[in-house]
Structure formats: structure tokens, C-alpha cells
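See structure below.
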Amino acid sequence: MAQISLTFPDGNARAFDAGVTPAEVAASISKSLSKKAISASVDGRHHDLQWPIEGDAQIAIHTMDDDAAAYELIRHDLAHIMARAVQEIWPDVKVTIGPVINNGWYYDFDRVEPFTPEDLGRIEKKMKEIIAKKDTVRTEVWERPKAVSYYEERGEPYKVELIEAIPGDEPLRMYWHGDWQDLCRGPHLQHTGQVPQDAFKLMSVAGAYWRGDSSRPMLQRIYGVAFKTKKELDAHLTMLEEAAKRDHRRLGREMDLFHMQEEAPGQVFWHPNGWNIYVTLQDYMRRRQRENGYVEVNTPQVVDRKLWEASGHWEKYQDHMFIVEVDEDHAREKSMNALKPMNCPGHVQVYNQGLKSYRDLPLRMAEFGSCNRYEPSGALHGIMRVRGFTQDDAHIFCTEAQIEDETRRFIEMLAAIYADLGFTSWRIKFSDRPDQRIGSDESWDRVEAALRSACEAAGYSFELNPGEGAFYGPKLEFVLTDAIGRDWQCGTLQVDPNLPERLDATYIGQDGAKHRPYMLHRAVLGSFERFIGILIEDSAGRLPLWLAPRQVVVATIVSEADAYAHEVVAALRKAGLRAEVDTRNEKINYKVREHSLGKVPAILALGAREVEERSVSLRRLGDKHQKSLSLQECVEVLAAEATPPDLR
RNA sequence: GCCGGUAUAGCUCAGCUGGUAGAGCACCUGAUUUGUAAUCAGGGGGUCGGGGGUUCGAAUCCCUCUGCCGGCACCA
């Protein structure tokens, strides 16, 4: 029999018979490893203990102590155990796929009746029974025709379709636990009892299209989470509760920031507190843009369809546009208009007024552009995904030679802004040419190279998002990670030679001839609505003082302090702070509690002592204790902290 | 848009199998002058999301529309 050489993580190599399984390898090392082994890595691929190894390879045996392997196997096995449980309870349910995802898995089923929350409990119970049986997991490699006819006989059309989609040279693996069987890529544990019985939970059921295609049947997807121990599961569930507490919709109400209502779905009614955040952020962005050489413009909301036809939006994006038909009785001529879904065509109109020279480029044209897009109803989500929003939009008109430098400058500005707003963890995704595109390969080569070297020059690496660019040009996306580890795509930069062409933007070059500028579409925050939602959730409502809508509340302990309280508020306001007085006839405990829940960053308590000393007792949000300081000192400290970071 | 769920007082929620609505907090009034996360007492407040139907009778059952929630699809 042929010999192969397996190299272990410590660098030692040993000879084995070809076709040896990782289980046998583990057994040859030690009895205890043999018992503890759950899977292996063979040349970096996650490998079942039962699969034979045919050639020389690097091998590592995994135990439950190897988190990545353990979670993968536990969650994957649970997906199958759940599918088995479902089919044991409802034999006519058809199975499809069940992959591992973050923290757990899901499995999609085809069943006429909807799964109810009570059903989830039933399934969970059945799963525990299956785990208790400790059924051995068996695997076989089947020939394609056998597998197809097997599934056809059993009335499992989805599995047949899956088999047909698997490349011809890949082995078809069949898995069994007990009598139940599924097609699966593997690897798996050795028996169902290896899955921790109390460290998983079925979370929800939701619709999902077969193969992610909205023209295909809607299946029912059951989501589960799973860990190695109950303790980890409980920690995860607690984390979800904590995340729910920072939901911007909840905090938006608790902090009285905004509301939304049925008559204006997907649009925000900003309350004074929320509007304070909005305006403060906008003022900040305006200063940053001026500092970086942008000019600010403003363009119309309701624009005749002719312009949208010229820009290409009418043809491609009409479904997402609010169409406004002007009534004949009220208008001189009947016309079809649309609310602007984007600012770029308007900016080209501004650009096109008067001749532009190469000396005018780069021209950085910014607008806090109020846009309306008819988003599908199911896409709406609080103030994060809306139909009416304002972008921190700008278009940089430039020559091809200027793309690199402008991109670098943009990245640097964006980095400074994210840092000011408390986001230090973010990354760049680079989307290059898609299959469907316009323009020559040579020009794509040049423009993509410009974006790459701009990232390098700014000192940032990027991850490639192959083929995800716009049809007209490549793009950079800036993804930030919030305090609880969620990713948000906010900033973007897209290179566009197409729109200047369609809307006939030109400049006179050094040679006296007309040339076509490029446009860089770019945004830092994306939209104010969404970004404020992110800020609220990232900070759990505890915004930094400069952004906090209510900065200071001056609360009296006794009514004798009322006059002094008004004096303190006046002093704070004179220093530019947003300060309120609370002289209600309530105990200080009550006031502290209420303003703390309202996320007011600074509470000043005033009693007889403070009046006497002309001092204040300062309690910062989140602190257990307070500090006594003079009125003047307090005003100075708070005013300094409330200064926006770019003005410090 | 699709699948499922859901809609009761400002908020959070109760209201079993149909018999014309209830709690806590909030709000208002009064008392209390209070030292850092809820002082006490009293009071007002809802055509039960809209429309239609079944029924002697509908918050409750059915249909339909709308919003919201969780996903999926979408996100130029």
C-alpha cells in the first residue's frame, strides 16, 4: 500500500498508509486525543474524522477546545438535527439548505402551514431527544444518478436541484443520523450526542426565497443560535437584550428625538432634541467641507422628467422615484416631474452654467441634499432606511489625472471626521469592474489603479469586492464598526465618467479644446438620518457633550435655590451651552433619575450650600459620584468639552 | 415587493373559549422643601389602527386596507 507523509502543527512528519482517516491518525497519537478529537484540518480544509486522506498533507487534529472547528461542527450538526426533528414531526415538510452563520445557523423548509412560536418549542424538544439518542453519524459518497433518483423518489425537489448545481467532479456526500439522512458537504461530528444539549436556542422563523431569488418560492427559515456552553448562550441572549436597549427607535422616543407616523411612512418628524443633533452635525460637516475646499450649493427638489431622462434615472430607476404629475387646472402645462432621488444631475446643471476651464478643476461641489426615494415597504427601518433623507453629498469634477489625489484627500478627510465622531474602527472595501460595464478596459485599468494608489498614499489597505463596482466605474465603500461590533457602510466614493457624458459637462483644456471631466460621487456620513441612528446606537444614547441635544440640566434641591438656578442657566447659555432649569417641586433623587434616563450628560444640583458658596454640584451621566466646583470653573470645563472637536 | 407576526390610554402591557375596557409609569391637582436613579394622596384620559362583514351583541370571529416588527429580496 502506498505511503503518505502527514505533517503535524509542530513540524514533525510521519508516514501513514494512503487512505488513512484523521480518526486513525488521532488514535495513533494517543488514546486521549482519539477520544477528544472532533475533526481535523487537512491542508487548511476542515475535514471530517472519517474522510480518508490520499496524499501528503499538513494535518491538525481538532478538539472541542478549538473554537472555530467546534462552533462550526456544533452549529452545522444542529442544522441537520433540526431538519431531522422537523421531518420527524411533519414528514411532508421538504428540506433545502441549512448553513452555519454568525452565532448559529438556519435551515430553510418548504411547508404549507406556517411555523408558529409553539412549533419552535416542539422542534427544540424533539432536537433534545435526538441529541440524547447519541446516534452515530455515518457518511457515504454516492454516485450522482443514485442521489438524484433517491431524492426524486422521496419527493425532495430542492435537493435534486442542489445536486444538479454541484460541480461534476465534487463527491456527493450523504450523511445519516439514525434513519434520517441528508445531502451535505460536511464535515460533521461523530454522533449527535456531541452537541451540547442546553447551549442552543431556536430564535425565529422568517420567510426566505429559495436560492435568494425573489422569483422563486418563498420558504420558511428557522434561525437558531448555538454555543459550547449554556453560559455562552446566556451571555449571547443578554447581549441581544442590551442591544435592544440601544435601539435608536426606542432611544428616539425615550430621549424625545423624533417620531414617525403612518401618514408619512419612511420620513422623520424631528423633535427639538433630535433636530439639535442634526443641526450640530451639519454645522460640523459644513465647516469640515469648507476647510477642505468644497463649495456648497442647493438644487431643486421637483424636477421635470426631461432631466431624469437625460441622466438615465427615468429609464433605470423610475420604480424608486416619487413621480409628481402636475394637474392641468393648476399648471399652465401638464408636466411629469419627479422628486430628486439623487443630487448629481442637479450638480451637473450648476457646473454647466458658464464655461469651465481646466483651471477650475478640481471643483468640489457639496450639497446637504434632501432626497426622496420610493424604497420598498419591507426595506424601511426606523430612521436607518427611509424614503426621505439628506445626504452629505458632493461631486468632485476633475480630470482623470486628478482622481488619485482627490481620492486620497477624501479618505484623509473622512478619517478625520470618523475619528471626531468616535469611530476609530473602520475599513475600506474596493469594488472593481463588473461584468456589465461601459468604457474601455484601458480606462478601467487606469481608474482602478488610481483608487488603489490613493488608498496606499492615505495609508489604508482595502479589501477587494470583486465585480461589485457600478457599471460606469469602480467605487470605494467605507464601513465602520460600532460599539457592539456591527458594521455600517456609510462613506462612499464612486468614479463616474458616464454622467458628465450624458449631461454634456465639459471644460476647456490647456489645448483650447473641450474635454469631458470625471465626476467623483462621494459622501462621508451617507445620510444624516441613518448616521444619527448609528450614533445613537453606538453611544447607547450617551452622545458626547458637543453632540448631546440637552447638555446640562440645572436641578434645584430646595426652592430657595430657584433664583440662583436661573442665574446658573444664564451663565451656561452665555457660554454657548444648551442648558435647562428644573425647579419642579420634586426630590433631587427624582430629578437625577429622570434626567439620567433622558441621557443628559451633565446634571447640576443646587441646594442651600451651593447658593451660599456660589458653587455647583456636578454629576456626570454614568458617574456614581458628584463633584463640587465653582460656577465659573464649571462653565469653563463644560464649555470646553462642548466645543466641537474641529474647533478645539 | 414577498413570507410570518403584530396594532388596546402619551409609554409598557393585561383583557380565557364574543356580553359595550383595566394596571403600572407618565400627565393634572393638592400636600410635602426634599442632598444625587422613583415622596404621598386624589383626579382626568381610550369611538380598542381604518373600512366592511358575521352576530341579539365584536377589542375578541371573518374579509380588506394601512402602519409597524422579524427576515428575504432591494439599497442606483
Side-chain angles (χ1 to χ4, degrees), chain A residues 106 108-117 119 203-223 244 247 249-250 253-254 256 259-266 308 311-313 315-321 341-342 344-345 371 373-382 384-387 389 469-472 475 477 489 492 494 496 498-499 521 526-527 530 555-562 583-598 600 603-610 617-628:
Chain A
Y106 67 77
D108 288 348
F109 300 97
D110 187 8
R111 178 182 181 226
V112 180
E113 293 288 306
F115 290 112
T116 64
D119 289 340
M203 301 298 285
S204 61
V205 53
Y209 295 112
W210 169 234
R211 312 211 106 193
D213 182 342
S214 59
S215 68
R216 311 215 51 190
M218 176 68 69
L219 306 171
Q220 294 190 65
R221 174 172 298 178
I222 301 179
Y223 285 92
D247 188 303
R249 292 165 297 192
R250 175 172 170 165
R253 187 177 54 243
E254 288 174 359
D256 196 13
H259 85 272
M260 303 178 87
Q261 65 187 47
E262 202 171 322
E263 290 80 357
W308 304 117
S311 69
H313 289 88
E315 186 203 350
K316 288 195 103 159
Y317 308 116
Q318 204 186 132
D319 287 350
H320 296 272
M321 290 162 73
M342 303 177 84
C344 27
C371 295
R373 297 179 187 175
Y374 188 80
E375 299 286 359
S377 57
L380 303 178
H381 178 87
M384 301 285 217
R385 187 82 184 271
V386 286
R387 289 183 174 155
F389 56 95
F471 69 92
Y472 46 74
K475 62 182 176 189
E477 285 171 345
Q489 195 234 296
T492 181
Q494 297 181 24
D496 185 3
N498 179 56
L499 200 63
H521 307 255
S527 92
R530 205 168 92 100
T556 51
I557 297 168
V558 291
S559 51
E560 281 71 37
D562 288 4
T583 54
R584 288 176 305 172
N585 179 9
E586 294 290 351
K587 296 178 85 164
I588 193 66
N589 289 300
Y590 181 92
K591 296 182 184 181
V592 166
R593 177 168 196 273
E594 186 172 285
H595 300 307
S596 297
L597 289 173
V600 177
I603 299 170
L604 300 184
L606 306 182
R609 188 163 58 229
E610 285 73 20
S617 168
L618 169 63
R619 182 185 169 117
R620 298 301 304 261
L621 182 60
D623 283 358
K624 288 265 188 294
H625 301 288
Q626 55 279 353
K627 212 159 81 175
S628 180

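What you are looking at is a predicted structure, and each value in this text was computed from that prediction instead of being measured. Below, chains carry the letters A, B, ... as their sequence lines are ordered, and counting in each starts from 1.
Nucleotides of RNA chain B nearest to Glu477(A) and Met260(A) differ in position, and the one nearer the 5' end is that of Met260(A).
Under 3.5 Å, the side chain of Arg385(A) and the base of C74(B) form at least one donor-acceptor pair of N or O atoms.
Residue Gly526(A) is classed as having no contact, given no heavy-atom separation below 4.0 Å to the nucleic acid. Ala470(A) comes within 4.0 angstrom of nothing in the nucleic acid, heavy atoms only.
Proximity of His381(A) to the phosphate of G70(B): a side-chain N or O atom is located under 4.0 Å from OP1 or OP2. Within the 4.0 Å cut-off from OP1 or OP2 of C69(B), at least one side-chain nitrogen or oxygen of Arg249(A) is found.
The CD atom of Gln220(A) sits 8.5 Å away from the CG atom of Asp110(A) when rounded to the nearest 0.5 Å.
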With 3.5 Å as the limit, what N/O pairs link the protein to nucleotides 2-8 of chain B?
residue : atom : partner   : partner atom : Å
C2(B)   : O4'  : Tyr209(A) : OH           : 3.3
C3(B)   : O2   : Gly207(A) : N            : 3.3

Protein and nucleotides 36-41 of chain B: nitrogen or oxygen contacts under 3.5 angstrom:
residue : atom : partner   : partner atom : Å
U36(B)  : O3'  : Arg619(A) : NH1          : 3.3
U36(B)  : O2'  : Arg619(A) : NH1          : 2.2
U36(B)  : O2'  : Gln626(A) : OE1          : 3.3
U36(B)  : N3   : Ser617(A) : OG           : 3.4
U36(B)  : O4   : Ser617(A) : OG           : 2.2
A37(B)  : OP2  : Arg619(A) : NH1          : 3.3
A37(B)  : OP2  : Arg619(A) : NH2          : 3.4
A37(B)  : O4'  : Arg593(A) : N            : 3.4
A37(B)  : N7   : Arg619(A) : NH2          : 3.2
A38(B)  : N7   : Arg593(A) : NE           : 3.1
A38(B)  : N7   : Arg593(A) : NH1          : 3.3
A38(B)  : N7   : Arg593(A) : NH2          : 3.0
A38(B)  : N6   : Arg593(A) : NH2          : 2.9

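Take Tyr374(A) and apply the side chain to side chain contact (heavy atoms under 4.5 Å, CB included) test, not counting sequence neighbours, and it matches Phe322(A), Arg387(A). By the salt bridge (charged side-chain N to carboxylate O under 4.0 Å, His left out) test, Arg609(A) is found to be paired with no residue, residues two or more places apart in sequence or in another chain being considered. Partners of Ala379(A) according to the side chain to side chain contact (heavy atoms under 4.5 Å, CB included) rule, which considers only residues two or more places apart in sequence or in another chain, are Pro376(A), Arg385(A).
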How does RNA chain B look in dot-bracket form if you count Watson-Crick and G-U pairs under 3.5 Å, write [ ] for pairs that cross, and put | where a base pairs with another strand? (((((((..((((.....[..)))).(((((.......))))).....(((((..]....))))))))))))....
